[in-house]
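Structure first, commentary second.
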Amino acid sequence: MTKTKSVIMNTLSYKTVSANSATVNKEWVLVDADGQTLGRLSSIIAKLIRGKYKPNFTPHVDCGDNVVVINAEKIVLSGNKWKEKSYIRHTGYPGGQRSLTATEMFEKDPTRLVEKAVKGMLPKNILGAALFRNLYVYAGTEHKQAGQEPKAINLNDLI
């Protein structure tokens, strides 16, 4: 007759935390674009809007922060991108392809450069459209979200 040893395992139950709209903690963040390179700035902003810096990141939920970008007119593009980078759109009619260089778009509206760069880094679905509404870009230092008291962050700390 063999004696069987019963092993009692002390297991903790680890559960994957999945955020939803009720448990998400959204904050307001202020980013200063003065002297920042457009692509590097945009990738960090996209991560903030998406919520990838948070421990409870869930890919299918809007768990990111609301981001306010100021001084968009002081961004930097490296190399010859001011002249050679082109933004192409189509009117929908035959022969309706239109293009603008970065300089031409910057002269029309400096905030559109930052908006287009961030939008291109977000998901191309309904969630991406909802996330894009959490971005507020201003050319100067004044912004309309002062009532939300956004927390100013240093982008160099996040890199």
Side-chain angles (χ1 to χ4, degrees), residues 12-89 98-159:
L12 297 173
S13 64
Y14 294 104
K15 295 190 178 188
T16 302
V17 177
S18 182
N20 59 28
S21 59
T23 61
V24 166
N25 183 18
K26 295 179 74 69
E27 298 175 356
W28 285 85
V29 177
L30 180 69
V31 174
D32 190 2
D34 188 8
Q36 298 287 330
T37 307
L38 177 63
R40 295 173 189 271
L41 170 77
S42 301
S43 64
I44 294 170
I45 292 172
K47 287 178 188 175
L48 286 169
I49 290 174
R50 189 90 198 271
K52 289 210 164 186
Y53 288 107
K54 295 188 175 187
N56 62 345
F57 169 69
T58 307
H60 63 278
V61 177
D62 177 7
C63 55
D65 295 331
N66 296 302
V67 179
V68 179
V69 181
I70 58 172
N71 290 326
E73 83 278 356
K74 296 180 183 177
I75 59 166
V76 177
L77 269 72
S78 61
N80 293 329
K81 290 187 185 129
W82 282 113
K83 293 179 275 185
E84 294 179 2
K85 184 171 180 60
S86 64
Y87 293 92
I88 298 172
R89 64 184 177 87
R98 307 285 188 258
S99 67
L100 291 172
T101 64
T103 306
E104 293 169 342
M105 186 176 285
F106 186 79
E107 289 170 357
K108 281 188 172 186
D109 187 10
T111 62
R112 282 182 42 202
L113 281 177
V114 176
E115 288 174 351
K116 286 184 76 65
V118 172
K119 188 170 187 172
M121 296 178 187
L122 293 175
K124 279 51 169 192
N125 53 24
I126 295 172
L127 177 64
L131 291 171
F132 184 67
R133 290 186 208 108
N134 296 333
L135 176 67
Y136 304 89
V137 183
Y138 297 98
T141 57
E142 299 296 320
H143 59 88
K144 298 177 185 175
Q145 278 71 30
Q148 281 75 27
E149 298 175 359
K151 178 180 71 172
I153 62 166
N154 186 4
L155 294 181
N156 298 326
D157 295 341
L158 298 177
I159 295 175

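Between V69 and V118, the closest side-chain pair of non-hydrogen atoms is not below 4.5 Å. Side-chain contact between N134 and V67 is absent, with no heavy-atom pair separated by less than 4.5 Å. Side-chain contact between Y87 and R89 is absent, with no heavy-atom pair separated by less than 4.5 Å. With contacts defined as side-chain heavy-atom distances shorter than 4.5 Å, the pair Q145/Y138 qualifies.
Every pair tested for salt bridge (Lys or Arg N to Asp or Glu O under 4.0 Å) that includes a residue from residues 124-137 fails, sequence neighbours excluded, so the list is empty. Among residues at least two apart or in separate chains, there is no salt bridge (Lys or Arg N to Asp or Glu O under 4.0 Å) pair with a member in residues 140-149. For the salt bridge (Lys or Arg N to Asp or Glu O under 4.0 Å) condition, the pairs that include at least one residue of residues 23-34, sequence neighbours left out, are K26-D62, E27-K151.
Closest heavy-atom contact between R50 and P59: NH2-O, 3.1 Å. Taking all atoms of both residues into account, the shortest heavy-atom contact from K83 to T101 is O-CG2, 3.6 Å. Annotation for I88 and S99: closest pair CG1-CB, 4.0 Å, computed over non-hydrogen atoms. Between A19 and N56 the shortest heavy-atom distance is CB-O, 3.6 Å. When all heavy atoms of T58 and C63 are compared, the closest pair comes out as N-SG, 3.6 Å.
Rounded to the nearest 0.5 angstrom, L38 CG and I45 CD1 are separated by 9.0 Å. From L113, atom CG reaches atom NZ of K81 across 12.0 Å, with rounding to the nearest 0.5 Å. The CD1 atom of I70 sits 4.5 Å away from atom CG of L30, with the distance rounded to the nearest 0.5 Å. The CG atom of N125 sits 12.0 Å away from the NE2 atom of H60 when rounded to the nearest 0.5 Å. Going from atom OG of S42 over to atom CD of E115 covers 10.5 Å, rounded to the nearest 0.5 Å. Remark: Q148 CD to N66 CG distance equals 8.0 Å, nearest 0.5 Å.
Checked against F132 for a side-chain contact (heavy atoms from CB on, under 4.5 Å), the options I49, L127, L122 give a single hit: L122.
Every residue two or more places apart in sequence or in another chain was checked for a side-chain contact (heavy atoms from CB on, under 4.5 Å) with I126, and none qualifies. Under the rule for a salt bridge (charged side-chain N to carboxylate O under 4.0 Å, His left out), the partners of K54 that lie at least two apart in sequence or sit in another chain are D65. With sequence neighbours excluded, the residues that form a ring pair (Phe, Tyr, Trp, His ring centres under 6.0 Å) with Y136 are W28.
Ring planes of F106 and W82: perpendicular class, angle over 60° (limits at 30 and 60°).
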